[in-house]
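To start, the structure itself, in structure tokens.
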Amino acid sequence: MQALKNKLFALADCNNFYASCERVFNPKLEGKPVVVLSNNDGCVIARSNEAKVVGVKMGQPAFQMADIIEKNNVYVFSTNFVLYGDMSNRVMNTLAQFTPDIEIYSIDEAFLDFTGFDTEHITDYAKGIQSTVKQWTGIPVSIGIAETKTLAKVANHIAKKNPEFDGVLSLYNNHMTDSLLGRLPVDDVWGVGKQYGKFLMDKGIKTALHLKNADEKWILKHMHVPGQRTVMELRGTSCIRIESIIPDRKGICTARSFGKPMSNYEDIEQAVATFAAKCSEKLRRQHSITKTLTVFIMTNRFADTPQYVNGKTIQLPVATNHANEIIHHALSGLRLLFRKGYLYKKAGVILSDFVQEDQQQFTLWDNIDREKYAKLMKSLDCINTANGDEVVKFAIQGTQKRWKMKQERLSPCYTTRWKDLLTIDVNKK
DNA sequence: TCTGGGGTCCTAGGACCC
DNA sequence: TCTGGGGTCCTAGGACCC
């Protein structure tokens with residue numbers, strides 16, 4: 001493991017990101033409990049602080065909290081990924097102004113390389129970033145600073161949870177570090193999940209400080225290389241660098257639960273064709289072609305009805321990213337999988353085993369005019385990028401979408417759809 | 001009635017080779 | 001009777017992240 005010398009990292013993380021996005025264009029939500037639900041309006045995936053206070057739990061199924069919602073006037077939203085994606089771009093573009101090297105780690109988080117920055121005034125610098133992001137995008141962020149990414153994560157976590165820090169905390173040369181680590185439960189450390197968290201607790205390693213001081217050999221034995229790296233990082237030795245170039249995906253998956261159970265083959269066929277088309281589009285975006293495709297279908301595992309879960313993996317004769325071929329193979333898999341008489345709840349398509357587009361290997365018997373289809377795909381992507389998803393699509397994808405997910409509480413696409421643009425009455429007081 | 005979706009990395013173990 | 005040792009590749013499964 002190679003240690004990186006004299007590094008300084010910041011982690012900027014948006015507070016309750018999806019809930020905050022809903023608030024930006026809907027000021028009446030300010031100070032009110034707001035929650036955002038997963039696809040299909042299933043579980044809670046984001047909560048404003050006020051929603052946390054009234055007892056809404058992360059991951060809780062929506063139907064189990066009808067009481068809390070009613071009693072506390074909780075505002076509930078379906079996921080609006082178009083809005084969140086656009087807001088994320090705005091936040092990331094703003095953050096990028098403040099460092100030469102940024103790693104967009106997730107939709108609401110970025111690592112910033114602060115190496116070589118003036119450490120004496122680093123907290124003020126971060127406060128400047130925080131207020132700029134708020135002013136330019138309306139999104140509140142918290143920023144943690146430290147010599148390693150893991151410690152920057154810790155700093156961010158503490159800054160977010162303790163109001164006295166105003167959302168910015170630097171652990172660089174901070175004599176409080178160990179006492180703060182001593183108050184942080186071990187499973188709040190980045191890289192320690194549920195399983196390892198429980199395991200460590202059972203062994204008496206209950207806090208981040210315990211983990212920092214744990215025996216390295218023992219950690220290596222039980223938590224392997226990633227665990228060892230976490231311990232090193234807690235000790236201030238940087239092992240995880242900034243990855244500013246987004247690597248190509250090694251697998252691409254599009255899967256959805258249906259809005260209601262489906263038994264009809266044609267409905268599921270339309271859904272699978274749509275997922276396959278979506279996968280191929282993601283694949284083209286990174287200029288890859290795929291050699292392997294998996295299609296799967298399943299019934300509702302929570303329901304008291306006959307269960308069926310199955311998948312089919314297909315090796316493609318020639319690697320491709322053309323929608324027509326990917327759809328064709330997905331549907332031939334589906335035909336083999338489908339059994340009559342079940343109520344299906346979810347289906348999906350997974351692509352794996354990629355090579356670069358320009359490394360295409362043709363076979364002797366390939367009689368498809370690939371150049372022609374490549375042009376077709378280019379036009380298709382062009383039109384859909386300019387005019388919105390699925391403006392042009394394949395007939396097999398259907399127009400009814402009886403399978404479509406439930407989104408009963410969708411907010412407008414304030415920033416990406418002309419008709420959803422807000423109008424402001426300047427005369428009104 | 002109602003329970004998300006999309007990724008990554010690492011390890012162990014089996015098959016196979018010389 | 002006795003059954004090496006080292007390497008690679010692949011896959012399944014388990015852990016993690018958001």
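Quick note on labels: first sequence line is chain A, next is B, and so on, each numbered from 1. This structure is a prediction, so every number in the text was calculated from the model and none was measured. When reading the values below, keep in mind they use all heavy atoms of this one structure, side chains included, and skip hydrogens, waters and symmetry mates.
Contacts between residues 41-63 of chain A and DNA chain B, defined by a heavy-atom separation under 4.0 Å, are made by A:G42, A:C43, A:P61, A:F63.
For A:F81 and A:Y18, the ring centers sit closer than 6.0 Å to each other.
Aromatic ring pairs are classed by plane angle as parallel below 30°, tilted from 30° to 60° and perpendicular above 60°; the pair A:F275 and A:W403 is perpendicular. The aromatic rings of A:Y308 and A:Y342 sit parallel to each other, their planes meeting at less than 30°, with 60° as the upper class boundary. Using cut-offs of 30° and 60° on the angle between ring planes, the pair A:F114 and A:F117 is parallel.
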**Complete:** For DNA chain C, the expected dot-bracket line (Watson-Crick or G-U under 3.5 Å, [ ] crossing, | inter-strand) is ....||||||||||||||

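We find that CG of A:N39 is positioned 14 Å from C1' of C:dC18, with the value rounded to whole Å. The interatomic distance linking A:W190 (CH2) with C:dC17 (P) rounds to 9 Å, in whole Å.
One finds a salt bridge joining A:E109 and A:K153 here, because a Lys/Arg side-chain nitrogen approaches an Asp/Glu carboxylate oxygen to under 4.0 Å.
Within the 4.0 Å cut-off from OP1 or OP2 of C:dC18, at least one side-chain nitrogen or oxygen of A:K153 is found.
A:Q307 has its side chain within reach of A:T305: a pair of non-hydrogen atoms, C-beta onward, lies under 4.5 Å apart.
Taking the C1' atom of each, B:dC16 and C:dG4 are spaced 16 Å apart, rounded to whole Å.
Annotation: of the two residues near DNA chain B, A:K406 and A:A255, the 5′-most nearest-nucleotide partner is A:K406. Annotation: of the two residues near DNA chain B, A:R249 and A:F81, the 5′-most nearest-nucleotide partner is A:F81.
A donor-acceptor distance shorter than 3.5 angstrom exists from the side chain of A:E233 to the backbone of A:K149, with no hydrogens or angles considered.
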**Complete:** The contact string for nucleotides 8-13 of chain C, one letter per nucleotide 5' to 3', using protein heavy atoms under 4.0 Å with B, S and - for base, sugar-phosphate only and none, comes out as ------

